[in-house]
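This report concerns only the one structure given below.
Basis for what follows: all heavy atoms, side chains included, without hydrogens, waters or symmetry-related copies.
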Amino acid sequence: MNIIDGKQIAKDLRIKIANEVKTLKRPPGLAVILVGEDSASAVYVRNKELACKEAGFFSDKIIKSENTTEEQLLEEVERLNNNPHIDGILVQLPLPSHINANKVIEHISPLKDVDGFHSENIGKLMQNKSHLRPCTPKGVMTILSSIDCTVMGMNCVVIGASNIVGRPMAMELLNARGTVTICNSKTKDLAGVVSRADIVVVGVGIPEMVKGDWVKDGAIVIDVGINRLEDGRLVGDVDFDAIKEKAGAITPVPGGVGPMTIATLLENTLIAYKQSL
């Protein structure tokens, strides 16, 4: 049994970034825009702000009211696009329903799109070109590398096809020369598909959907899901207790993929800084 310590892997990456920042002429700058008062989003933004300060970054937190118009938000993004001290721009999702999130993401300069969501950056991921890559899938690849997992030739199953996790995750594994199957909650004989996988990445948003008898002995299981149950417990998308004895390696929830997402955001901001020189 090998429970992957995502906190430690993320800490090591953040220390490496902080040491590099000390050698730079100016600190990399990250602007985070929060629209409205979503409590979960506020927590995420605060965590990102703390991580920035710890790494020696300049952090600009911009709070907008719930009734901010789409046009006003686009103007704010444009201002940051033109600010030479801001290397990365992140608009915290979800946005209020009257704002088109895709339009806002596409308005961020691809060179400052540290979330990696702009269609130009997603297109470069498809073509395996150097670019800013989506944070969570890139963080998963860092996790796999840290446990000396060679993806090449492996059967990889990704459950979930969101633009934030599932689709870019599949491309990351494909670019690493894995053999990739993309599934969703409606896939026929999902248990059978998972049972043949050497690497399973799950980000479907259904608590403990992947059962212990689905996973073959020795498989590497990466759980991207985070769900709060009625009793207050946080669980992932896989049945951790049932799978941890079988898996060659598995990420816990919390403390697995989550910390890597923020560390990778810092890594992307540092890359954006270097590309701007």
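Leu24 places a side-chain heavy atom less than 4.5 Å from the side chain of Tyr273. Using a 4.5 Å heavy-atom cutoff, the side chains of Met141 and Leu144 are in contact. Side-chain contact between Val140 and Leu173 is absent, with no heavy atoms from C-beta onward closer than 4.5 Å. Residues Val21 and Phe57 form a side-chain contact, since some pair of their non-hydrogen atoms from C-beta on lies under 4.5 Å apart. Annotation: side chain of Glu70 is not in contact with side chain of His98 (no heavy-atom distance under 4.5 Å). Counting heavy atoms from C-beta outward, Ile33 and Leu80 have side chains that approach closer than 4.5 Å. Residues Val253 and Asp237 are not in side-chain contact: their nearest non-hydrogen atoms beyond the backbone lie 4.5 Å or more apart. Counting heavy atoms from C-beta on, the side chains of Asp87 and Arg26 come closer than 4.5 Å.
Using a 4.5 Å cut-off between side-chain heavy atoms of Ile, Leu, Val, Met, Phe, Trp and Tyr, with links allowed through other members, Ile62 and Leu74 fall into the same hydrophobic cluster. Hydrophobic clustering, with ILVMFWY side chains joined whenever heavy atoms are under 4.5 angstrom apart, keeps Ile226 apart from Val45. Taking hydrophobic clusters as Ile, Leu, Val, Met, Phe, Trp and Tyr residues chained together by side-chain heavy-atom distances below 4.5 Å, Val104 does not share a cluster with Val114. In terms of hydrophobic clustering, with Ile, Leu, Val, Met, Phe, Trp and Tyr side chains grouped at heavy-atom distances under 4.5 Å, Leu90 and Ile63 are assigned to a common cluster. The same ILVMFWY cluster, assembled from side-chain heavy atoms under 4.5 Å apart, contains both Met260 and Ile147.
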Report the C-alpha separation of Ser276 and Leu111 in whole Å, then their side-chain angles, then the decisive distance to 0.1 Å, and conclude whether the side chain to side chain contact (heavy atoms under 4.5 Å, CB included) test is met. CA-CA 8 Å; Ser276 72; Leu111 299 174; over 6 Å; no

Between Phe117 and Leu93, is a side chain to side chain contact (heavy atoms under 4.5 Å, CB included) present by the stated rule, with each step listed? CA-CA 11 Å; Phe117 294 162; Leu93 302 177; 4.3 Å; yes

Pair Val215-Val238, side chain to side chain contact (heavy atoms under 4.5 Å, CB included): steps then yes or no: CA-CA 10 Å; Val215 176; Val238 311; over 6 Å; no

Using the salt bridge (Lys or Arg N to Asp or Glu O under 4.0 Å) rule, take Lys211 and Asp213 through it: C-alpha gap first, then chi angles, then the decisive distance, then the call. CA-CA 6 Å; Lys211 306 304 178 190; Asp213 57 1; over 6 Å; no

With side chain to side chain contact (heavy atoms under 4.5 Å, CB included) as the test, would you mind laying out the steps for Leu265 and Leu30 before giving the verdict? CA-CA 9 Å; Leu265 174 68; Leu30 175 65; 3.9 Å; yes

Kindly determine whether Glu75 and Arg79 satisfy salt bridge (Lys or Arg N to Asp or Glu O under 4.0 Å), including the steps that lead there. CA-CA 6 Å; Glu75 285 172 0; Arg79 182 181 70 79; over 6 Å; no

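Asn268 contributes no side-chain N or O that, together with a main-chain N or O of Leu132, makes up a donor-acceptor pair within less than 3.5 Å. The closest donor-acceptor contact from the side chain of Ser41 to the backbone of Glu37 lies at 3.5 Å or more, if one exists at all. Within the 3.5 Å criterion, the main-chain N or O of Arg133 finds no donor-acceptor partner in the side chain of Asn121. Between the side chain of Asn81 and the backbone N or O of Ser109 there is at least one donor-acceptor pair closer than 3.5 Å. Using modelled atom types, no side-chain atom of Asn155 and backbone atom of Asp198 make a donor-acceptor pair closer than 3.5 Å. Although no hydrogens or angles enter the test, the distance criterion places no donor-acceptor pair under 3.5 Å between the side chain of Lys244 and the main chain of Ile3. At least one donor-acceptor pair closer than 3.5 Å links the side chain of Asn227 to the backbone N or O of Gly236. Side-chain N or O atoms of Ser145 include none that pairs as donor or acceptor with a backbone N or O of Thr142 at under 3.5 Å. No donor-acceptor distance shorter than 3.5 angstrom exists from the side chain of Thr187 to the backbone of Leu190, with no hydrogens or angles considered. Looking only at distances, no side-chain donor or acceptor of Thr261 sits under 3.5 Å from a matching main-chain atom of Cys135.
Within 6.0 Å of NZ on Lys7 lie no more than 12 heavy atoms contributed by other residues, nucleotides or ligands. Open room surrounds OH on Tyr44; 12 or fewer heavy atoms of other groups in view lie less than 6.0 Å from it. Shown here is Lys246, whose NZ atom has more than 12 heavy atoms of other residues, nucleotides or ligands within 6.0 Å.
Expressed to the nearest 0.5 Å, how far NE2 of His118 lies from CG of Asn102 amounts to 11.0 Å. Separation of atoms NZ (Lys103) and CG (Leu95) is listed at 13.0 Å; rounding is to 0.5 Å. In this structure, Thr179 OG1 and Met152 CE are separated by 11.0 Å, a value rounded to the nearest 0.5 Å. Summarising the geometry, atom CG belonging to Asp223 is positioned 5.0 Å from atom OG1 belonging to Thr251; distances are rounded to the nearest 0.5 Å. The distance from atom CG of Asn184 to atom CD1 of Ile159, rounded to the nearest 0.5 Å, is 9.5 Å. In this structure, CZ on Phe58 lies 10.5 Å from NZ on Lys53, to the nearest 0.5 angstrom.
Residues Leu13 and Thr264 share a closest heavy-atom pair of CD2-N, 4.3 Å. Scanning both residues, Ile122 and Gly116, for their nearest heavy atoms gives CD1-O, 3.4 Å. Taking each heavy atom of Ile143 and Ser146 in turn, the nearest pair found is O-OG, 2.7 Å. Shortest non-hydrogen contact noted between His131 and Lys129 is ND1-O, 2.6 Å. The shortest non-hydrogen separation linking Pro28 to Leu270 is CG-CD1, 4.1 Å. For the residue pair Thr269 and Gly88, the shortest heavy atom distance occurs at CG2-N, 4.3 Å.
Residues forming a side-chain hydrogen bond (donor to acceptor under 3.5 Å, both in side chains) with Lys61 (at least two apart in sequence, or on another chain): Glu49.
Between the side chains of His107 and Glu78, at least one donor-acceptor pair of N or O atoms lies under 3.5 Å.
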